[in-house]
Asks: 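Just passing along the structure, written as structure tokens.
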Amino acid sequence: MSHSPADLLITGCTVLVHDDQERIGFEQDAAIVVRDGRVESVTSAADAVGLAAVERIDARGQVALPGLINCHTHAPMVALRGLAEDLPTEEWFNDVVWPVESNLTEKDVELGARLACAEMIRAGVTCFADHYFSMDTVAAVVTECGMRAHLGEAYFSSQGPQGREKSLEFALRHRGSAGGRITTALAPHAPYTVTDTDLAATAQLALEHGLPVHLHAAENRDQTDTSLSRHGITPIEVLDRAGLLATDLLIAHGTGISDRDLPVLERASGHIAVATAPRGYLKFAWPDTTPIRALRAIGIPVGLATDGAASNNSLDVWESMALTSLVQKSTEGDPRWLTSRQALHHATLQSARAVGLGDSIGCIAPGRRADIVLVDLTGPHTQPVHDLAATLVHSARSADVRTTIVDGRVLMRDRELLTLDVPAVVRELGERLPALVDRSHGRRIQEYDT
Ligand SMILES: [Zn+2]
């Protein structure tokens, strides 16, 4: 062990760890030593006594988890939270969201991103995969607030070739920025808004530049049915034909993934992952959810997500974890699928893999980036603890997160945000809302036609 003081020492907590089979376990009365933004060691509290550290956190009564990862969102859409309620997908897009998004300014995106990052840090989210517009602005907010993010500039084919070029330029310019906290992806919107030609060009660019791709596909059964009747193939087969399954591909939702897609996905030469955001599926009354059991059977990681707050109403990944477990049990008709430990595996290593960071985050172990959250389990709703995994998934809430750390830097301490000023953001955003939500112009940025 080095003789210079550690940067951060967290003592007295229980630490969620993974064994060499990736089984979830808990180290009691442990200490975490952080140096240069990484976990140097996970040791016993007794061994950490007398260890010098620049900053110390006494975390008795708390559990240290790898920071949660939001594997698919549109962070600035928090500005539209609650604006399009109780609508079918088509009306949600065409009558509200896409008309309102035609008013979006850089400032709206900036304020939305700030509010979103504040919400996520408060909920124990340390990394998010964002898919939106004006992403230079989102990258600037991420740089400033200290989170980790996987960012992609979204585009439709209706923007012409400039959309695709802008997405590439963004990905190349920001890759590895914010001291490595920002990674990037190419971000076509979806197979129903991006042509086969553009999808194929995106696959080429991804391979040429070593970039991953993040997009929506087979979001629901309707999209799969429409694709079959128009093209004779499913959305996943459209991706395959375009060459996208040879890239490192993050697919949002996939509730419309059908049995015939599974061998296609299994044969893929790229790393394929799916992000699941079950609250939105329930809210839109989609008939299916992400087929996690079938995807796991062919080795595809499924990360947890919230989608944007205009559909999900929150960016609470903790809730996505609990809902994923419940919806899977209900859909499969099997209380043994998906267990709390499985839910925690999705929330940690599988989510890290989904955003291409499976080797650097997603577990608390020597050498990993120090993205850690401390959860207080002393509240009445989390006591007593017979099964810590169950307590975390089904009893604890995101509001029980007391401290959020990214790359060894404390972004929230004892529920106090250290890098963002929420009242100021809310005030400024509030002044802009009338102009943002105005739909009298009759414009929309795109048309939804599955
Ligand atoms: Zn989405």
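Just so you know, ligand 1 is whichever comes first in the structure, and atom 1 is the first atom listed for that ligand.
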Asks: Could you tell me which residues satisfy side-chain hydrogen bond (donor to acceptor under 3.5 Å, both in side chains) with Gln204, sequence neighbours excluded, listed by chain and number?
Replies: none
Asks: Check residues 117-126 and write down every donor-acceptor pair under 3.5 Å in which the side-chain atom is one partner and the other belongs to a residue at least two apart or another chain.
Replies:
residue : atom : partner : partner atom : Å
Glu119  : OE1  : Arg81   : NH1          : 3.2
Glu119  : OE1  : Arg81   : NH2          : 3.1
Glu119  : OE2  : Arg81   : NH1          : 3.4
Glu119  : OE2  : Leu315  : N            : 2.8
Arg122  : NH1  : Arg415  : O            : 2.8
Thr126  : OG1  : Leu68   : O            : 3.4

Asks: Which protein N, O or S atoms lie under 2.8 Å from the Zn ion (ligand 1), given by chain and residue number?
Replies: His72 NE2, His74 NE2, His216 NE2, Asp307 OD1
Asks: Within the 3.5 Å criterion, strictly below it, is a donor on Asp196 or His231 matched to an acceptor on the partner's side chain?
Replies: no
Asks: Taking the ring centre of each residue, are His72 and His74 less than 6.0 Å apart?
Replies: yes
Asks: Per the ring-ring contact (aromatic ring centres under 6.0 Å, His included) rule, what does the pair list look like for residues 313-357, sequence neighbours excluded?
Replies: none
Asks: What is the minimum heavy-atom distance between Asp407 and Arg181, and which atoms define it?
Replies: OD2-CG, 3.5 Å
